[in-house]
Amino acid sequence: MGALPPSWHHVGRHAVFPQPAHDEVARFNFLTQFNAWLSSEIAPLLKPCYEEQALPEFEATHQKKPSNRHQVRDMMARQPCYQFWSALKRNSMEMRQQAGRALVLRQLKEINEQAARLNEQDSDGLQLDSALKLPAYVTAVDTHCMPGSYHTALCKGDVTAGANYDCGIFVTTGGALGSYSDGGGVAIAEWLKKEHAGFRPRRILDMGCTVGHNVVPLAQHFPEASVVAVDVSEPVLRY
């Protein structure tokens with residue numbers, strides 16, 4: 001028998017993680033396996049599509065190879081295989097945001113109150129600057145199709161952008177980053193342990209930490225280090 005498909009049942013749930021109902025779990029399971037299928041079955045078709053179709057067409061027209069990524073994108077955008085993959089990826093992300101926001105907003109009050117209680121226990125840990133002007137590259141688009149992106153607070157003390165991101169990244173990656181979606185940070189910690197066993201950093205800085213998927217494993221691996229996690233989005237820092 002082959003490996004079992006990824007399941008959202010395997011998601012690690014901590015103290016402020018949204019609590020799903022049966023149908024919400026089923027929806028996330030479908031999207032998780034859908035993204036895993038896109039990555040394993042459809043995305044690999046893009047390489048031969050480029051090499052066997054897009055590139056020969058470009059060379060026949062221009063008598064040369066493409067010289068930059070913009071040309072490659074234009075080439076691929078005309079290929080049905082790429083169009084199929086791209087449309088499915090876009091739709092999967094939009095469905096993932098719909099599912100995540102429905103789950104989180106249903107329990108907005110409870111999640112925000114729980115986060116506030118936990119943050120009060122460590123008043124020095126969270127430092128926010130309400131006068132910070134958000135850069136245009138953050139506010140100009142809804143990153144990852146999330147309405148309001150990561151920086152929009154729906155109410156005072158809001159953490160729902162962080163909760164939405166946290167519960168949905170397992171879906172987006174098809175479970176590839178593990179139950180807590182912290183596979184990136186865990187991989188760095190394991191690599192350092194193997195390749196640089198004596199490495200003992202005094203300070204660790206994560207610039208653009210979102211909800212800490214990468215920096216938390218590093219903080220756990222180096223408990224003696226001073227760890228600072230920075231982001232421009234208040235809701236994800238609270239979360």
Could you walk me through whether Y50 and L46 pass side-chain contact (heavy atoms from CB on, under 4.5 Å), step by step?
CA-CA 6 Å; Y50 172 77; L46 298 178; over 6 Å; no

Would you mind reporting whether [Y] and [X] have side-chain heavy atoms less than 4.5 Å apart?
| X | Y | value |
| --- | --- | --- |
| L177 | H213 | no |
| P217 | Y180 | no |
| L55 | P66 | yes |
| I111 | F17 | no |
| V230 | L205 | yes |
| L105 | R101 | yes |
| V232 | H151 | no |
| C49 | W85 | no |

Taking the basic N atoms (NZ, or NE/NH1/NH2) and the acidic carboxylate oxygens, is any pair closer than 4.0 Å for E190 and K194?
no

Under a 4.0 Å threshold between the charged nitrogen and the carboxylate oxygen, would K65 count as salt-bridged to E59?
yes

Could you walk me through whether V216 and D182 pass the side-chain contact (heavy atoms from CB on, under 4.5 Å) check?
CA-CA 8 Å; V216 167; D182 58 357; over 6 Å; no

Identify, with sequence neighbours excluded, every residue that meets ring-ring contact (aromatic ring centres under 6.0 Å, His included) alongside F58.
H62

Using the ring-ring contact (aromatic ring centres under 6.0 Å, His included) criterion, which residues pair with Y150? Sequence neighbours excluded.
H144, Y165

Within one Ile-Leu-Val-Met-Phe-Trp-Tyr cluster: [X] and [Y], side-chain cutoff 4.5 Å:
| X | Y | value |
| --- | --- | --- |
| V25 | V171 | yes |
| V215 | L192 | yes |
| L88 | M76 | yes |
| I204 | L126 | no |
| M95 | M146 | yes |

Among Q98, Q97, R90, which residue meets the side-chain hydrogen bond (donor to acceptor under 3.5 Å, both in side chains) test with E94?
R90

Can you tell me if [X] uses its side chain to pair, donor with acceptor, with the backbone of [Y] under 3.5 Å?
| X | Y | answer |
| --- | --- | --- |
| E234 | L128 | no |
| N119 | R238 | yes |
| N35 | T173 | no |
| N112 | D158 | no |

What distance do [X] atom [atom1] and [Y] atom [atom2] have between them, rounded to the nearest 0.5 Å?
| X | Y | atom1 | atom2 | value |
| --- | --- | --- | --- | --- |
| T152 | L134 | OG1 | CG | 8.5 Å |
| F28 | F34 | CZ | CZ | 15.5 Å |
| D74 | N68 | CG | CG | 8.5 Å |
| T160 | D166 | OG1 | CG | 12.5 Å |
| Y239 | L118 | OH | CG | 11.0 Å |
| C81 | Q53 | SG | CD | 7.5 Å |

What heavy-atom pair brings [X] and [Y] nearest, and what distance separates the two atoms?
| X | Y | answer |
| --- | --- | --- |
| C167 | V104 | SG-CG2, 4.2 Å |
| A21 | R106 | N-NH2, 3.8 Å |
| E24 | L103 | OE1-CD1, 3.3 Å |
| Q71 | S67 | OE1-N, 2.6 Å |
| S179 | F170 | CA-CE1, 4.3 Å |
| N214 | G185 | OD1-N, 3.2 Å |

Without hydrogens or angle criteria, can the side chains of E57 and T61 be said to hold a donor-acceptor pair below 3.5 Å?
no

Would you say the side-chain atoms of S149 and D142 include a donor-acceptor pair closer than 3.5 Å?
no

Name the orientation class of the two ring planes belonging to F222 and F199 (parallel below 30°, tilted from 30 to 60°, perpendicular beyond 60°).
perpendicular

More than 12 foreign heavy atoms under 6.0 Å from CZ of R73: is that the case here?
no

Greater than 12 external heavy atoms within 6.0 Å of H14's NE2
yes

Applying side-chain contact (heavy atoms from CB on, under 4.5 Å) to I188 and L218, what does each step give before you reach the verdict?
CA-CA 8 Å; I188 294 172; L218 291 174; 3.8 Å; yes

Criterion side-chain contact (heavy atoms from CB on, under 4.5 Å) on K89 and S86, from CA distance to verdict
CA-CA 5 Å; K89 285 293 290 183; S86 180; 5.7 Å; no

